[in-house]
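Quick notes on the structure that follows.
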Amino acid sequence: MPELPEVETVKRGLAPSMEGRLLTRLELRRPDLRFPLPADFAARVEGRRIVSLSRRAKYLLIDLEDGLSILSHLGMSGSYRIERQDETGLPGQFHMARSRDEKHDHVIFHLDGPDGDSARIIYNDPRRFGFMDLVERRNMDQHAAFAGLGPEPVGNALDADYLASRFKGKAQPLKSTLLDQRVIAGLGNIYVCEALWRAHLSPAKPAGALVSAEGRPVTALEDLTFAIRTVIAEAIEAGGSSLRDHIQADGSLGYFQHSFNVYDREDEPCRTPGCHGTVQRMTQAGRSTFYCSVCQV
DNA sequence: ACTACTCCCTGCCAGC
DNA sequence: TGCTGGCAGGGAGTAG
């Protein structure tokens with residue numbers, strides 16, 4: 001589920017329940033996720049205060065006092081949910097209904113607030129493609145997860161000139177090039193499909209075809225850059241506006257239904273105004289690509 | 001250096 | 001009703 005906008009929404013949803021609180025206990029219900037959890041994980045973080053939540057690419061960062069951060073990647077199926085202390089104030093009572101796949105609750109953050117109110121933040125991940133690590137913030141860029149990572153799609157670093165420099169000479173299809181986190185950080189299968197649809201570009205087109213002989217971006221690359229930035233910005237906006245309802249629903253964060261224009265719409269009509277095409281599906285690099293063969297060229 | 005493919009894990013759904 | 005195969009929003013590792 002989680003691409004950059006979903007992780008950003010999770011961060012915003014968790015922040016009010018985590019920032020400023022004391023991490024009293026880290027409950028590890030198994031020794032590993034996708035990879036082994038860091039050595040002495042609980043001992044290194046327990047008793048520290050959470051100063052802020054941040055995000056880089058698809059990584060959620062729980063920044064602790066004293067310069068240490070917990071790095072959390074949600075993989076394909078990771079999600080967080082919040083369990084607050086019961087409003088009645090009974091100690092140890094939580095009003096959340098138990099999730100039916102509680103067996104996949106792998107990591108539980110026990111938090112104390114300034115007024116003694118407590119909360120639990122629960123990481124659930126059925127497929128265990130997610131992982132966590134500990135990193136000193138001053139060494140953040142050297143961490144394997146961040147070394148070589150491309151720019152954020154909504155930051156100032158992403159523009160058509162940058163993409164031209166990365167696309168130049170590439171025979172690789174646009175689809176797999178945009179999925180490469182070293183080119184742009186945070187795009188996943190859904191938003192790559194959506195961005196290419198918006199820019200009316202074929203996912204199979206070689207990335208290098210969007211660069212002139214002089215290394216300059218052609219118009220289509222300007223369009224693609226704009227499409228990437230807007231599709232991500234709008235998804236973050238949509239996630240934010242759905243956040244309140246979503247937490248109210250069941251305390252979970254990270255699963256909210258957006259409406260997509262091409263993703264998972266095989267055989268349905270293309271939504272490009274005036275286009276009478278039908279959404280197609282093909283496999284590229286082992287992943288499904290959804291596109292309109294009429295207006296994406 | 002590029003590019004393509006496989007695999008990690010569990011759940012779900014369509015089709016038989 | 002069960003079973004089976006295919007597929008899932010990520011990314012690391014490996015092999016050409």
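Residue numbers begin at 1 in each chain, while the letters A, B, ... track the order of the sequences. Reckoned from all heavy atoms, side chains included, excluding hydrogens, waters and symmetry mates.
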Pairs under 3.5 Å (N/O, protein and nucleotides 3-6 of chain B):
{"from": "B:dT3", "atom 1": "OP1", "to": "A:A171", "atom 2": "N", "distance (Å)": "3.0"}
{"from": "B:dT3", "atom 1": "OP1", "to": "A:Q172", "atom 2": "N", "distance (Å)": "3.0"}
{"from": "B:dT3", "atom 1": "OP2", "to": "A:K170", "atom 2": "NZ", "distance (Å)": "2.8"}
{"from": "B:dT3", "atom 1": "OP2", "to": "A:Q172", "atom 2": "OE1", "distance (Å)": "3.3"}

Please tabulate, one pair per line, each protein N/O and nucleotide N/O from nucleotides 12-14 of chain C that are separated by under 3.5 Å, including the distance.
{"from": "C:dA12", "atom 1": "O4'", "to": "A:R34", "atom 2": "NH2", "distance (Å)": "3.2"}

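The shortest distance between the side-chain N/O atoms of A:H104 and the OP1/OP2 oxygens of B:dC9 is not below 4.0 Å. One finds a side-chain N or O of A:S288 lying less than 4.0 angstrom from the OP1 or OP2 phosphate oxygen of C:dA8. In this model, the phosphate group of C:dG10 is not approached by any side-chain N or O of A:H73 to a distance below 4.0 Å at OP1 or OP2. Proximity of A:Q181 to the phosphate of C:dG10: no side-chain N or O atom is located under 4.0 Å from OP1 or OP2. Close to C:dG9, at under 4.0 Å from its OP1 or OP2, lies a side-chain N or O of A:Y263. The side chain of A:K58 places no N or O atom within less than 4.0 Å of a non-bridging phosphate oxygen (OP1 or OP2) of C:dG9.
Considering only residues two or more places apart in sequence or on other chains, A:D117 meets the side chain to side chain contact (heavy atoms under 4.5 Å, CB included) condition with A:R21, A:Q85, A:P114, A:D115. Residues satisfying the side-chain hydrogen bond (donor to acceptor under 3.5 Å, both in side chains) criterion with A:E268, sequence neighbours excluded, are A:R265. Annotation: side-chain hydrogen bond (donor to acceptor under 3.5 Å, both in side chains) contacts of A:T177 (sequence neighbours excluded): A:Q172. With sequence neighbours excluded, no residue forms a side-chain hydrogen bond (donor to acceptor under 3.5 Å, both in side chains) with A:R44. In this structure, the salt bridge (charged side-chain N to carboxylate O under 4.0 Å, His left out) partners of A:R55, at least two apart in sequence or on a different chain, are A:E8, A:E152. Checked against ring pair (Phe, Tyr, Trp, His ring centres under 6.0 Å), A:Y123 has the following partners two or more places apart in sequence or in another chain: A:Y80.
For A:R128 and B:dC9, a side-chain-to-base donor-acceptor distance below 3.5 Å is absent, hydrogens and geometry of angles not being considered.
A:I122 has its side chain out of reach of A:I82: every pair of non-hydrogen atoms, C-beta onward, lies at least 4.5 Å apart.
Pairs passing the side chain to side chain donor-acceptor pair (under 3.5 Å) check and including a residue from residues 208-217 of chain A, sequence neighbours excluded, read A:D161-A:R216, A:S212-A:E214.
Within 6.0 Å of CG on A:N156 lie no more than 12 heavy atoms contributed by other residues, nucleotides or ligands. Other residues, nucleotides and ligands place no more than 12 heavy atoms under 6.0 Å from the CZ atom of A:F226.
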The dot-bracket string of DNA chain B, counting Watson-Crick and G-U wobble pairs with both distances under 3.5 Å, using [ ] for crossing pairs and | for pairs to another strand, is .|||||||.|||||||

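Atom-to-atom, CZ of A:R127 to C1' of C:dG9 comes out at 9 Å; the value is rounded to the nearest Å. In this structure, A:E6 atom CD and C:dA8 atom C1' are separated by 14 Å, rounded to whole Å. Atom CG in A:D32 sits roughly 10 Å away from atom P in B:dT10 (whole-Å rounding). Whole-Å rounding puts the A:K168 NZ to B:dA1 C1' distance at 16 Å. We find that NE2 of A:H143 is positioned 14 Å from C1' of C:dG11, with the value rounded to whole Å.
Side-chain atoms of A:F129 lie closest to B:dC8 of the nucleotides C:dG9, B:dG11, B:dC8.
Through side-chain heavy atoms spaced under 4.5 Å, either directly or across other Ile, Leu, Val, Met, Phe, Trp or Tyr residues, A:F35 is tied to A:Y59, A:L61, A:L71, A:F131, A:V135, A:M140, A:F146, A:L149. Hydrophobic side-chain contacts under 4.5 Å tie A:Y291 into a cluster, directly or through other members, with A:M282.
Rounded to whole Å, the separation between the P atoms of B:dC12 and C:dG11 comes to 23 Å.
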